[in-house]
Amino acid sequence: MEKNLSEFCTCKDRACPLHPTNHDKGCSLCIAKNIKKKEIPSCFFNAADGYPSKDGYSFEAFAKLVLSDKS
């Protein structure tokens, strides 16, 4: 496992400058960006077995994904 990557990280966008493998601040920078934009981090979408579609990363898009989960 890479030095700055948490064992629970599911983010697949390693090109993102906020990805934990691209700096030494862990998830903090990504979380701060998402809070500022009122969005949910992609790792939450991944944990819910979905990935943002045209609805993006909004709270509403995440709620729709979770509510649509029949498992």
Side-chain angles (χ1 to χ4, degrees):
M1 177 158 294
E2 295 185 44
K3 179 181 164 195
N4 297 325
L5 192 60
S6 298
E7 66 275 1
F8 56 83
C9 182
T10 62
C11 183
K12 296 170 181 67
D13 186 6
R14 292 185 176 227
C16 175
L18 304 181
H19 192 279
T21 58
N22 296 323
H23 55 80
D24 64 355
K25 307 259 191 273
C27 297
S28 297
L29 299 177
C30 179
I31 299 296
K33 184 235 4 160
N34 281 282
I35 289 171
K36 184 176 181 179
K37 294 180 80 176
K38 296 187 186 267
E39 294 181 337
I40 301 288
S42 67
C43 57
F44 282 70
F45 282 89
N46 295 338
D49 292 328
Y51 197 76
S53 62
K54 61 182 175 13
D55 294 327
Y57 295 92
S58 70
F59 294 155
E60 293 82 5
F62 186 70
K64 285 180 191 177
L65 173 66
V66 172
L67 292 173
S68 71
D69 184 15
K70 305 297 184 220
S71 55

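Since the structure is predicted, the reported quantities are computational estimates derived from the model, not experimental observations.
In terms of heavy atoms, Val66 sits closest to Ala48 at CG2-CB, 4.5 Å. The shortest non-hydrogen separation linking His19 to Asp13 is CD2-O, 3.5 Å.
Residues that satisfy the side-chain contact (heavy atoms from CB on, under 4.5 Å) test with Lys12, not counting sequence neighbours, are Asn46. With sequence neighbours left out, Ser28 forms a side chain to side chain donor-acceptor pair (under 3.5 Å) with no residue at all. In this structure Ile31 satisfies the side-chain contact (heavy atoms from CB on, under 4.5 Å) test together with Cys27, Ile35, Pro41, sequence neighbours excluded.
Atom NZ of Lys33 sits in a crowded spot, with more than 12 heavy atoms from other residues, nucleotides or ligands closer than 6.0 Å.
Remark: Asp24 CG to Thr21 OG1 distance equals 12.0 Å, nearest 0.5 Å. The distance from the OG atom of Ser58 to the NZ atom of Lys38 is 12.5 Å, given to the nearest 0.5 Å.
When ring centroids are compared, Phe62 and Tyr57 stay outside the 6.0 Å threshold.
The closest donor-acceptor contact from the side chain of Asn22 to the backbone of Cys16 lies under 3.5 Å.
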